[in-house]
2 protein chains.
Amino acid sequence: MSTSSSSPSRGSGRGQRVTIADIARRAGVTSAAVSLAVNGRPGVSEATRTRIMEIARELDWEPSPAARALAGAPVLTVGMVLARPAEVLGNEAFFGAFVAGLQEVLSAQDYSLQMKIVDSPEAEIDTYRRWFAQRRVDGVVVVDLRVDDPRIPALEELGQPALVVGGPGNHGSLPSVYVDDAHATQLLVDHLAERGHRRIARVAGTSAFLHTAQRDHAFLGRCAELGLHGELQDAGFGAEDAAVATAQLLSGQHPPTAIVFDSDEMALAGSQVLAESGVAIPGDIAVASYEDSPLARTHRPAITAIGRSAVEYGGVTATRLLEVVSAARRHRGGPVEEAESEVRALEPELRVRDSTDPSQQPGPDEVR
Amino acid sequence: MSTSSSSPSRGSGRGQRVTIADIARRAGVTSAAVSLAVNGRPGVSEATRTRIMEIARELDWEPSPAARALAGAPVLTVGMVLARPAEVLGNEAFFGAFVAGLQEVLSAQDYSLQMKIVDSPEAEIDTYRRWFAQRRVDGVVVVDLRVDDPRIPALEELGQPALVVGGPGNHGSLPSVYVDDAHATQLLVDHLAERGHRRIARVAGTSAFLHTAQRDHAFLGRCAELGLHGELQDAGFGAEDAAVATAQLLSGQHPPTAIVFDSDEMALAGSQVLAESGVAIPGDIAVASYEDSPLARTHRPAITAIGRSAVEYGGVTATRLLEVVSAARRHRGGPVEEAESEVRALEPELRVRDSTDPSQQPGPDEVR
DNA sequence: CTGAAAGCGCTTACAG
DNA sequence: CTGAAAGCGCTTACAG
């Protein structure tokens, strides 16, 4: 089969990319038919579709995302922008796993993820505006939801597919997925109460984040319900702030007998301070974390933590975002579907370890 | 100024996007002139260029990446694919900071970063192939360099802009950036030798990685030069493997008096094992890490570590990749420039702390 | 179910 | 320095 049959390539043919025109020529159909065939759309018979697909594979054809996008098709990319100090990303066990979960689902649907790090909410909003104006993305996922988040009204006004990670509530008319922080809080408090603790402190991360506020609220609420003394101690995010907060708790009039930290990093830093001060864990003070990680497991005592399966959380998020994107595509311009606009991604789970319960033996699931 | 002057929009004008044609009409020039003007290319007078730019801003014009790409311009995106278990990303302080450093430089040049997580080197190579075939990216950055890395020949064959992070050496004909692991190793060993240690162990990560092999080699070499007893203990990456390796070292005939770990996570896990076994740090055994992090600082004793400024490393990488991309664009098809094809990104720096030297007082730089 | 055409929004030679 | 045109590789109505 000689490939050089017709039309000597006009112009300076560099690269000589395979296009649907090449496939059409070989198959003896028009390029429109090829388009329908490879996109699995009705309009061609099953027989020709099969033939076209075979030729496409034979020719090693790869669709041109640029051409597709220019012609109005989805660009098969979703975006996520992060407005946090760069270094923080590396210090959180949660984030990498969440991204991995996102990627897994997106890749399976041939979608890619575009990420950008900026240094302010304004820059973040501006990025959304430009991404959509340029048609760089089909939708975005919004993380680090804040209590009074300026991104929500901005995205509502843009009217483009966006999925909010966080809640419940506070996501305006945008669809969202969330993990129930109130429930996680209850699991922790109840567990500690069962172990006989009456004075519990919570070392909390940045209060601007919605989930921090929700944890605070649930914490104080649950403590009140159970007749416990609940104490809040603000800290930024990060090891050093947590260490300072822990030291402060120790120096108080009536130090707590249990401390709950907002992340694994904070719990580890706090535990160091306790150990250094000669405080036994959990003998004198019990320790627990809202975030699990390998270090939380290998630490001695191993740290009781909430497991959230960040990978799964990411997966649910991606799945939902893709739904939102295709729904928006279906009825363009129409309002985003209201039904089920808020989805609980997964259930938090309490992993009890030595730091709150010395009787715990590392089970087989801890060994890997 | 009425906007409705000419040509009633043909077709079903939805969205009514602003294009260079609109700008051209307003400016009384051709759209080609607009293209030249907004791309800062010669061919239009300074006066018209200024006028065009003003109109573009007035009209809120955003270039269409799809149209640009289709017409042959760069797509302003670089890619990075990761073939590691998803969860690992979250557990390493290095990675997030590295990505942040990349982003910072890329964003400033209006480039974006596309990331993908896959589960094998084959899938990674396949991703490169498709990315370039589809013209999704202008170039890629290759991380986690392995000793005998199949990606190198694959990328050489593709002949597309790619920058290898790692080395020195082992990057074939591709350009690379690296941090001198041999030097870092020497800093660590020399420091421990100065403190009087004669039996030093190194708990090493996955030996498939080139930098692990280079550290191994440098470690044994430097120990030999100084007449020390150097011992290698293999471990995967991650807390649990490091804990096991540390326990093994302790149970040996002649336990070392100092242990160097390949990452902060490993050093923390190993330190736990030591503490649990009643081994004093640094009294009985000194501990050091190839990777610094907030937890390494807040740990007690604070852990001596190599500082690499992952953010800066990422920045240098991005800068170099952009150079490679534009060089490739300049002389298309021609060979990639050979000169300076291997760049040392930055100098490792030893941060001495209590875990090797109890006399260290936390300096003002440790407080933040 | 299939064919021929217009159009997406740019860039790039190529004449003037 | 400027104008008119072709072309990048698809998709999408619109006729047959």
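Predicted model only: the values in this text are computed from it and were never measured. When reading the values below, keep in mind they use all heavy atoms of this one structure, side chains included, and skip hydrogens, waters and symmetry mates. Chain identifiers are assigned alphabetically (A, B, ...) following the order of the sequence lines, protein sequences preceding nucleic acid strands; residue numbering begins at 1 within each chain.
Base pairing of C:dA4: no nucleotide in any strand meets the Watson-Crick or G-U wobble criterion (both distances under 3.5 Å). Within the shown strands, nothing qualifies as a pairing partner of D:dA13 under the Watson-Crick or G-U definition with both distances less than 3.5 Å.
Atom CD1 of B:I20 and atom C1' of C:dT11 are 8 Å apart (whole Å). For B:I52 and C:dT11, the CD1 to P distance is 12 Å, given to the nearest whole Å. Counting to the nearest Å, the P atom of D:dG9 and the CD1 atom of A:I23 are 12 Å from each other. Put simply, CZ on B:R17 is 10 Å from C1' on C:dC10, counting in whole angstrom units. Distance A:W61 CH2 to D:dG9 C1': 10 Å, rounded to the nearest Å. When the P atom of C:dG9 is taken as reference, atom CZ of A:R68 falls 19 Å away, rounded to whole Å. When the C1' atom of C:dC10 is taken as reference, atom CZ of A:R136 falls 14 Å away, rounded to whole Å. Distance B:L59 CG to C:dC10 P: 12 Å, rounded to the nearest Å.
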Margin query: Does B:S112 form a side-chain hydrogen bond (donor to acceptor under 3.5 Å, both in side chains) with A:Q114? I'd like the steps, not just the answer.
Written below: CA-CA 7 Å; B:S112 26; A:Q114 184 146 326; 3.0 Å; yes

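Mapped onto DNA chain C by nearest heavy atom, A:P42 and A:A32 fall at different nucleotides, with A:P42 at the one closer to the 5' end. Map B:A67 and A:V38 each onto its nearest nucleotide of DNA chain D; the residue landing nearer the 5' end is B:A67.
Between B:L106 and B:L113 the shortest side-chain heavy-atom distance falls below 4.5 Å.
Counting non-hydrogen atoms under 4.0 angstrom, A:E62 reaches the backbone sugars and phosphates but no base. Using a 4.0 Å heavy-atom cutoff across all strands shown, B:A33 reaches no nucleic acid atom at all.
Checking C:dT12, D:dG3, D:dG9 against the side-chain heavy atoms of B:T30 singles out D:dG3 as nearest. The listed nucleotides are C:dT2, D:dC8, D:dT2; the one nearest the side chain of A:V44 is C:dT2. Distance from the side chain of B:L70 is smallest to D:dG9 among D:dT12, C:dG3, D:dG9. Picking from D:dC1, C:dC10, C:dG9 the nucleotide with the shortest atom distance to the side chain of B:S45 gives D:dC1.
The minimum heavy-atom distance linking B:L76 with B:D110 is given by the pair CB-O, 3.8 Å.
The pair B:R320-B:E323 counts as a salt bridge, with a side-chain nitrogen and a carboxylate oxygen less than 4.0 angstrom apart. Salt-bridge formation is detected for the pair B:R26/B:E58: a Lys NZ or Arg NE/NH1/NH2 atom is positioned less than 4.0 Å from an Asp or Glu carboxylate oxygen.
The side chain of A:S35 contributes an N or O atom lying less than 4.0 Å from OP1 or OP2 of D:dT11. Between A:R41 and the phosphate of D:dT12, there is a side-chain N or O to OP1/OP2 separation shorter than 4.0 Å.
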